[in-house]
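Comments concern the structure below.
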Amino acid sequence: MTLRRHLLDPILHENPVTVQILGLCSALAVSRTLEPALIMAAAVTAVLVYSNLVISLLRHVLPGSVRLILEMTIIASGVIVVDEVLKTYAPAIAETLTVFVGLIITNCIVLGRAESFALRNGPLHSIADAVGNGIGYSLILLTVAAIRELVGTGSLFGVTLLPTLDAGGWYRPNHLMLYAPSAFFLIGFLIWGLRALAARHVATASTPVTRGQR
Amino acid sequence: MHDLITLIGQAIFTENLALVFLLGMCTYLAISKRLTTALGLGAAMLVIQTITVPLNNLVFHTLLAPGALDWLGQGELDLSFLKLVVFIGVIAASVQILDIVLLRFASPLHQALGAFLPLLTVNCALLGASLLMAQRQLDLVQSLAYGFGSGFGWALAICLLAALRERLAASNLPGGLQGLGITFIIAGLLALTVAGLGTS
Amino acid sequence: MNMPVAGSQPESLPKTLAITVLIAACCATMVTAAVLTLRPMQAAYAAIERNRAIVAASNPALAEAGDSAIVTAYLALQRHLVDLRTGADIDDVDTVERWPSEADASRPGVPVYLRVRDGKLDCVVLPLDGKGMWSTLYAYLALEGDLATVRALSIYRHEETPGIGDRIQDPAWLAQWHGRRLYDSEGNVRLGEADAVDADFYIDTITGATVTSSAAIRMVRASLDTYQPILQSLATRFPTSRSTPKETAGATPP
């Protein structure tokens with residue numbers, strides 16, 4: 001039961017991006033088109049699972065005085081491996097992601113979940129928590145990327161759905177979506193919508209939904 | 001000299017770390033409720049960025065870059081994949097040392113900045129700027145200019161946001177939009193003004 | 001930040017040290033193993049992408065072709081290592097990736113790629129490098145057999161701003177280089193001149209990415225001077241193709 005809760009809660013009620021405000025940089029910056037966003041989401045989820053698992057296994061032996069720096073080392077090694085794997089198997093996408101793969105190290109979701117969950121829970125629950133948070137992050141990232149790519153270029157995953165004027169079709173793409181500010185607007189509206197829904201939920205069921213967490 | 005001024009201008013405005021590269025967002029959105037706090041955080045960012053980017057540049061070019069270990073007879077070695085670990089280590093160490101130095105020699109300054117220093121260790125704007133420096137093959141002087149410019153740009157961005165949020169705190173907004181929602185939208189509008197300056 | 005670790009015992013220095021060293025060693029082993037196994041595959045990919053840029057310059061239709069088609073087309077090119085100062089052949093095969101700005105007195109060679117059909121020069125591909133806004137731009141320029149007309153420009157590598165400077169890779173922008181002339185009737189380099197009114201020489205910069213696209217144009221113009229000796233010697237080697245600009249100048253008015 002709790003395992004299911006650890007897996008499902010972070011997807012909506014405790015979403016790392018919209019509720020806990022964690023891991024925003026990459027969620028905003030690599031959301032221009034779906035393909036890199038999908039790879040980024042997979043990379044973050046992989047690092048999350050790895051770091052939560054390893055840190056949960058080591059939770060009884062990690063010395064408190066150097067705990068943070070050891071956690072950073074473990075996470076950084078995982079990120080380097082993921083970075084090299086991407087450079088090998090998806091080099092073109094790795095190029096468009098530039099420094100953002102490396103920046104998974106400082107993605108607060110990873111360290112945040114390690115500190116607040118993996119250090120206190122067993123490996124199985126930690127993996128469930130990592131997968132849940134990974135999916136929660138991916139959900140927001142992919143939603144934003146899908147809207148930006150469709151409205152900004154008229155296609156999804158590079159497949160044209162709305163033929164653009166340039167290509168002889170009828171759709172005039174909204175170039176705002178290709179620039180960084182649009183990611184702020186979309187996540188802002190997403191948060192508005194989710195909170196309005198949650199508020200209605202609270203009003204009927206009176207369960208606290210948002211929990212501030214840094 | 002002319003190039004350096006252009007570089008600083010680019011780093012502050014058209015390539016603003018917070019508003020164009022969207023780096024350091026967690027801190028940017030979470031700790032921008034009050035202007036005084038934002039000023040302290042921005043100043044800490046400016047100082048650390050100006051120190052760590054050139055420092056990382058030095059480390060990168062003496063130890064990690066392809067051919068950097070020529071002096072050891074290991075010219076073939078390319079350790080640049082280690083830059084992630086090394087940069088984050090240098091940043092964490094600089095933050096700690098600055099914390100200690102400020103506490104010992106400039107305690108009023110430490111009172112103003114001290115609380116923010118540990119927060120900045122895991123701020124991706126710091127690591128991001130160092131990685132961009134390595135990727136763009138800047139030399140030492142350029143990286144000093146870039147560190148200063150990008151730190152200043154980030155500080156400017158967070159002060160602007162905080163000032164706007166202070167004004168908005170008393171305004172009447174739809175429930176769900178209050179707080180985080182409207183902050184995102186303001187940040188988007190700020191990013192839009194900067195994007196308008198962008199020619200590359 | 002300093003919440004107690006679950007089940008933490010009082011720490012002793014040797015134990016802390018031992019655990020730290022152990023974890024560091026494990027992480028180091030993992031990273032090293034990953035890098036050592038993946039590096040060769042990355043190098044192979046990089047080599048194919050370089051071949052792709054060269055082939056795409058000589059024949060833009062092949063830009064998106066499969067890897068094997070790229071390698072075949074690349075191997076069909078004549079590959080020479082040529083002295084940048086004199087235009088003389090040093091070696092027949094290109095063994096290294098080298099760029100004109102790296103050539104010096106001790107190693108003056110740059111690789112030059114020729115496509116020869118029935119003894120006539122079909123096109124020549126030259127490696128170019130130059131400063132962009134943030135980074136060095138690496139590209140290949142293909143000239144037609146007359147050595148005075150651009151066939152295509154293809155960008156190989158750069159670290160310009162994603163979404164802004166990287167638009168120099170847009171096929172639409174690169175397409176306008178095709179068929180542009182290098183020299184006027186006097187033999188002066190006119191291609192890509194800022195105030196060129198003549199459509200033969202005009203290259204449009206990219207709105208919003210002016211710095212990077214102007215840098216790319218500047219790189220091409222500068223390289224035409226650098227490659228003058230090589231172009232001269234190619235013109236003598238392939239006399240059936242039209243000769244170099246300086247000689248054509250008087251003979252064939254436009």
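Every chain is numbered from 1 and lettered A, B, ... according to where its sequence line falls, protein lines coming before strand lines.
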When heavy-atom pairs shorter than 4.5 Å are enumerated against chain B, which of A:S77, A:G102, A:A76 gives the highest number?
A:G102

Within the 4.5 Å heavy-atom criterion, are A:F184 and B:L22 side-chain neighbours or not?
yes

Over all atoms of both residues, closest heavy-atom pair of B:A191 and A:P181:
C-CG, 3.5 Å

In short, B:F21 meets A:F100 closest at the heavy-atom pair O-CZ, 3.4 Å

Using non-hydrogen atoms and a limit below 4.5 Å, what part of residues 43-55 of chain B faces chain A?
none

Would you say that more than 12 heavy atoms from the other residues, nucleotides or ligands in this model lie under 6.0 Å from the CZ of A:F117, or not?
yes

Are the side chains of B:N123 and A:T106 in touch, meaning some heavy atoms are under 4.5 Å apart?
no

To the nearest 0.5 Å, what is the distance between CG on B:L23 and CG on A:L24?
11.5 Å

Show every salt bridge (charged side-chain N to carboxylate O under 4.0 Å, His left out) that has at least one partner inside residues 17-26 of chain A, sequence neighbours left out.
none

Residue-level contacts of residues 79-104 of chain B with chain A, using a heavy-atom cutoff under 4.5 Å:
B:F81, B:L84, B:V85, B:I88

When rounded to the nearest 0.5 angstrom, what is the spacing between CD1 in A:I105 and SG in B:C124?
11.0 Å

Side chain, backbone, both or neither: which part of A:L176 has an atom under 4.5 Å from a heavy atom of chain B?
side chain

Tell me the residues of residues 168-189 of chain B whose non-hydrogen atoms fall below 4.5 Å from those of chain A, in number order.
B:P174, B:G176, B:L177, B:Q178, B:L180, B:G181, B:F184, B:I185, B:A187, B:G188, B:L189

